[in-house]
Trainee: 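Encoded as structure tokens, here's the structure I'll be asking about.
Being a predicted model, the structure only gives us computed values, none of them experimental.
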Amino acid sequence: MQLYVRRITARYFKEINFNEITLKKDKSILLIANHFSAWDTIVLYHINRVFFKKNFYAMILEETAVKEPFLKYAGGFSVNPGSKNVVESLNFAANLLNDPNNLVLIFPQGKLYSNMVAAVNFERGVFHILKKAINFQLIFAATFIENFDNLRPVANVHLKLESETNFKDIEALQQAYQQHYTQARQQQLQIVK
């Protein structure tokens with residue numbers, strides 16, 4: 001899978017840029033990101049390969065897992081919101097975070113939205129994972145893709161290590177992410193070529 005991602009990102013992207021943050025090697029990573037296309041998982045997989053260097057897992061919708069079965073080879077595991085098995089998938093994600101060698105990617109929006117929406121709204125599942133997991137670090141990622149004068153796009157990923165992991169409710173978590181996303185979006189909007 002790593003070879004495939006290396007080839008596809010080199011072929012389809014002019015650049016994938018991200019800011020480096022200080023990580024704790026002895027903790028797993030819960031990576032919360034905006035969800036705007038099929039590319040966001042691939043871009044974050046690439047960043048994991050070159051920077052985080054953890055075992056990569058991504059929570060994906062069950063319907064996507066059925067349509068794209070190869071995603072299981074990239075660490076994809078499914079969730080079906082509204083089903084009685086949803087808690088089982090959320091607990092699986094939380095248990096993955098108990099291993100410091102793992103990274104779990106969650107798109108808390110649950111669905112695809114425009115790359116430049118002003119607000120990112122969370123589904124409740126991510127809060128369940130946050131409450132059940134232990135010994136992890138929480139990282140926010142806001143990804144934006146632009147072409148400007150390039151035929152191949154540039155991906156800019158804004159990372160933030162969140163010091164707080166004990167949020168009182170989903171709204172507090174969403175507000176913390178929203179603050180990071182808004183700042184990252186403002187930086188993105190200031191880019192001029």
Trainee: Would you check if Val43 and Phe13 make a side-chain contact, meaning some heavy-atom pair closer than 4.5 Å?
Mentor: yes
Trainee: Indicate if Ile8 and Tyr45 have the same hydrophobic cluster label, given that clusters are the connected sets of ILVMFWY residues with side-chain heavy-atom separations under 4.5 angstrom.
Mentor: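 As far as the 4.5 Å side-chain criterion goes, Tyr45 and Ile8 are connected within one cluster.
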Trainee: Should the heavy atoms of other residues, nucleotides or ligands under 6.0 Å from NZ of Lys132 be counted, would the total exceed 12?
Mentor: no
Trainee: With rounding to the nearest 0.5 angstrom, report the OG to CG distance, Ser28 to Asn55.
Mentor: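 So the gap between those two atoms works out to 11.0 Å.
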Trainee: Starting from Ile134, can I reach Phe136 by hopping between I/L/V/M/F/W/Y residues whose side chains sit under 4.5 Å apart?
Mentor: no
Trainee: Flag yes if more than 12 heavy atoms outside Arg124 fall under 6.0 Å of its CZ atom; otherwise flag no.
Mentor: no
Trainee: Nearest 0.5 Å, what's the CZ-CZ distance between Phe167 and Phe127?
Mentor: 9.0 Å
Trainee: Roughly how far apart are His46 NE2 and Thr9 OG1, rounded to 0.5 Å?
Mentor: 5.0 Å
Trainee: Look at the side-chain heavy atoms of Ile, Leu, Val, Met, Phe, Trp and Tyr, link any pair under 4.5 Å apart, and say whether Ile47 and Leu161 land in one connected group.
Mentor: yes
Trainee: Check the pair Tyr12, Ile42 against side chain to side chain contact (heavy atoms under 4.5 Å, CB included), reporting the backbone distance first and the verdict last.
Mentor: CA-CA 11 Å; Tyr12 288 101; Ile42 293 169; over 6 Å; no
Trainee: Is it possible for you to say whether Leu189 and Phe144 belong to one hydrophobic cluster, with membership spreading through side-chain heavy-atom contacts below 4.5 Å?
Mentor: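 Shared cluster, yes.
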Trainee: Set out, in order, the CA-CA distance, both residues' side-chain angles and the distance that settles side-chain hydrogen bond (donor to acceptor under 3.5 Å, both in side chains) for Asp40 and His35, then state yes or no.
Mentor: CA-CA 7 Å; Asp40 46 27; His35 197 23; 2.9 Å; yes
Trainee: With a 6.0 Å cut-off (strictly less than), is the heavy-atom count around CD of Gln175, excluding the residue itself, greater than 12?
Mentor: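 Not more than 12 within 6.0 Å, no.
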Trainee: Please evaluate residues Gln109 and Val120 with respect to the criterion side chain to side chain contact (heavy atoms under 4.5 Å, CB included), reporting the C-alpha separation (whole Å), side-chain torsions for both, the decisive distance (0.1 Å), and the verdict.
Mentor: CA-CA 7 Å; Gln109 293 166 284; Val120 176; 3.4 Å; yes
Trainee: Looking at OG1 of Thr182 and NE2 of His180, how far apart are the two atoms once the value is rounded to the nearest 0.5 Å?
Mentor: 10.0 Å
Trainee: Check the pair Asn166 / Lys131 against side-chain hydrogen bond (donor to acceptor under 3.5 Å, both in side chains), numbers first and verdict last.
Mentor: CA-CA 8 Å; Asn166 193 23; Lys131 288 297 173 197; 3.1 Å; yes
Trainee: So, do Phe51 and Phe18 sit near enough that their side-chain heavy atoms are less than 4.5 Å apart?
Mentor: yes
Trainee: Can you confirm whether or not the ring centre of Tyr177 sits under 6.0 Å from the ring centre of Phe122?
Mentor: yes
Trainee: Lys14 vs Glu146, test: salt bridge (charged side-chain N to carboxylate O under 4.0 Å, His left out). Steps then yes/no.
Mentor: CA-CA 10 Å; Lys14 181 177 186 254; Glu146 302 275 9; over 6 Å; no
Trainee: So, do Ile21 and Lys160 sit near enough that their side-chain heavy atoms are less than 4.5 Å apart?
Mentor: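 Counting from C-beta outward, Ile21 and Lys160 never come under 4.5 Å.
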Trainee: Only one of Ile29, Ile60, Ile139, Leu31 forms a side chain to side chain contact (heavy atoms under 4.5 Å, CB included) with Leu105, so which one is it?
Mentor: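 It is Leu31, the one option of Ile29, Ile60, Ile139, Leu31 that forms the side chain to side chain contact (heavy atoms under 4.5 Å, CB included) with Leu105.
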Trainee: With under 30° as parallel and over 60° as perpendicular, where do the rings of Tyr57 and Phe92 fit, or are they tilted in between?
Mentor: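 Rings of Tyr57 and Phe92: perpendicular, over 60°.
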Trainee: So, Phe140 versus Tyr181, ring centres under 6.0 angstrom or not?
Mentor: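 No, ring centres 6.0 Å or more apart.
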Trainee: Kindly determine whether Leu159 and Phe52 satisfy side chain to side chain contact (heavy atoms under 4.5 Å, CB included), including the steps that lead there.
Mentor: CA-CA 11 Å; Leu159 300 173; Phe52 296 130; 3.9 Å; yes
Trainee: Does a donor on one side chain and an acceptor on the other come within less than 3.5 Å for Asn17 and Asn156?
Mentor: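 Their side chains do contain a donor-acceptor pair, which is all the 3.5 Å distance test asks for.
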Trainee: Nearest 0.5 Å, what's the CG-CD1 distance between Leu173 and Ile170?
Mentor: 5.0 Å
Trainee: Under the criterion side chain to side chain contact (heavy atoms under 4.5 Å, CB included), I'd like the reasoning laid out for Thr143 against Trp39: C-alpha separation, chi angles, the key distance, then a yes or no.
Mentor: CA-CA 10 Å; Thr143 304; Trp39 285 113; over 6 Å; no
Trainee: Atom CD in Gln183, atom CD in Gln178: separation rounded to 0.5 Å?
Mentor: 10.5 Å
